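FYI, the numbering just counts along the sequence from 1. Start at 1 and go down the list; that is how both ligands and their atoms are numbered. Predicted model only: the values in this text are computed from it and were never measured.
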Amino acid sequence: MNEAALTLEGWYALHDFRSINWTAWKAADDEERAGCLEELHTFLQEWTQAEQNKTGSTAVYSIVGQKADFVFMHLRETLEELNALENAFNKTTFAQYTTKAYSYVSIVELSNYMASGDGDPKANPEVMARLQPILPKSKYICFYPMNKKRDLDDNWYMLSMEERRGMMRSHGMIGRGYAGKVKQIITGSVGLDDWEWGVTLFSDDALQFKKLVYEMRFDEVSARFGEFGSFYVGNLLNEQLFEDMLKL
Ligand code: VOV
């Protein structure tokens, strides 16, 4: 049997994409809408608090295009907490003015392709900061799920550890060229959702998403083995910007 890469897992992730039912929102009265904004305010405060307590992190972005209107990306210690978060939101009055567009369940993952040194990696604060990341408040987000191909001729899972490591090194080198411009959070979802990984990118310049993803398409691991789902791209929301978006 071939050698599986060893993985380290951190916080569980839920990408919760929603659309706004504008017809219903416009038909609501001022009092109802104010109540919804109040609910939203409470949630945003709670999520900020969780981040301050280091029990998780949440990113909130609007989505450009027709696939969704906004996304809550939650990172928490357990699947139970993620479940509680989505249910709490679903019980709000504001949720009645939204529809579910898409969701993705995964877990922050690091692999040992580039591992260096021995000892317990979880004792390393740098590793822990990557496994339990505070999501950046960058201006833009890009999310897409992906697989690595399992075709007879191009089967990632039948390559030796050495071959895979070589390709991941090249992948990492390209990524390094974007240091300071794009931050990536790779979440593993084998056995958790429909694709094998979720790729979440953050940047203050949305054009860097295109540059990075395009450059990687020419790199062997993406060119030969990458299979991609739908791409979601969006703009940072804070409380004020969320209210502005909902203003009629
Ligand atoms: C900001 C850019 C950036 C950087 C620096 C970077 C680096 C690295 C390193 C060093 C490693 C390996 C060790 C680890 O940490 O796991 C990875 C791992 C991974 N990556 Fe990556 N990646 C980036 C960016 C980046 C992008 C844009 C994509 C999407 C690919 C594309 O074509 O659209 C991606 C995918 C992945 C995946 C799916 C994995 C897991 C693969 C597996 O088989 O396990 N990644 N990645």
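Other residues, nucleotides and ligands contribute more than 12 heavy atoms inside 6.0 Å of the CZ atom of R224.
Note: an N/O pair closer than 3.5 Å links K148 and ligand 1 by distance alone. Between R217 and ligand 1, a contact under 3.5 Å exists for no N or O pair. Annotation: S222 places an N or O atom under 3.5 Å from an N or O atom of ligand 1; distance criterion only.
In this structure, the protein non-hydrogen atom closest to atom 13 (C) of ligand 1 is S111 OG, 3.3 Å. Scanning the protein for heavy atoms near atom 10 (C) of ligand 1, the closest one is M114 CG, 3.7 Å.
Here 1 is the count of protein N, O or S atoms positioned under 2.8 Å from atom 21 (Fe) of ligand 1, waters not counted.
Residue-level proximity to ligand 1 for E196 is absent, since no heavy atom of it falls below 4.0 angstrom.
Side-chain contact between M73 and L135 is present, with at least one heavy-atom pair separated by less than 4.5 Å.
Scanning Y214, W197, Y157, F231 for the heavy atom closest to atom 42 (C) of ligand 1 points to W197. The residue among W156, Y144, Y178, Y113 with a heavy atom at the shortest distance from atom 27 (C) of ligand 1 is Y144. Here the shortest heavy-atom distance to atom 15 (O) of ligand 1, taken over E227, E109, M146, R130, belongs to R130.
Aromatic pair F17/Y232: ring centres closer than 6.0 Å.
Atoms of ligand 1 lying under 4.0 Å from at least one heavy atom of L110, given by number and element, are 15 (O), 16 (O). Every atom of ligand 1 is numbered from 1 in the order shown, and the set under 4.0 Å from a heavy atom of R176 is 5 (C). Near M216, with a cut-off below 4.0 Å to any heavy atom, the atoms of ligand 1 are 23 (C), 24 (C), 25 (C), 26 (C), 27 (C), 32 (O). Taking every heavy atom of V182 and a limit of under 4.0 angstrom, the matching atoms of ligand 1 come to 1 (C). Contact atoms of ligand 1 toward F228: 31 (C), 32 (O), 33 (O) (distance under 4.0 Å to a heavy atom of the residue).
In this structure S170 satisfies the side chain to side chain contact (heavy atoms under 4.5 Å, CB included) test together with D219, sequence neighbours excluded. Contacts of S62 classified as side chain to side chain contact (heavy atoms under 4.5 Å, CB included), with partners at least two apart in sequence or in another chain: N235, L237, M245.
Under the 4.5 angstrom side-chain criterion for Ile, Leu, Val, Met, Phe, Trp and Tyr, V190 has no cluster partners at all.
Side-chain atoms of S203 come within 3.5 Å of backbone N or O of K181 as a donor-acceptor pair. Remark: the backbone N or O of F94 is paired with a side-chain donor or acceptor of E39 at under 3.5 angstrom. T42 places a side-chain N or O within 3.5 Å of a backbone atom of E38 that can act as its donor or acceptor partner.
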For this session: Please report the C-alpha distance between F72 and W47 in whole Å, then the side-chain angles of each, then the deciding distance to 0.1 Å, and finally whether the ring-ring contact (aromatic ring centres under 6.0 Å, His included) criterion is met.
Result: CA-CA 10 Å; F72 298 137; W47 300 339; 4.8 Å; yes
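F231 and Y144 have parallel rings, their planes meeting at less than 30° on a 0 to 90° scale where 60° marks the start of perpendicular.
For the residue pair Y113 and M168, the shortest heavy atom distance occurs at CD1-CG, 3.5 Å.
Y140 and Q208 form no side-chain donor-acceptor contact under 3.5 Å, judged by distance and modelled atom types alone.
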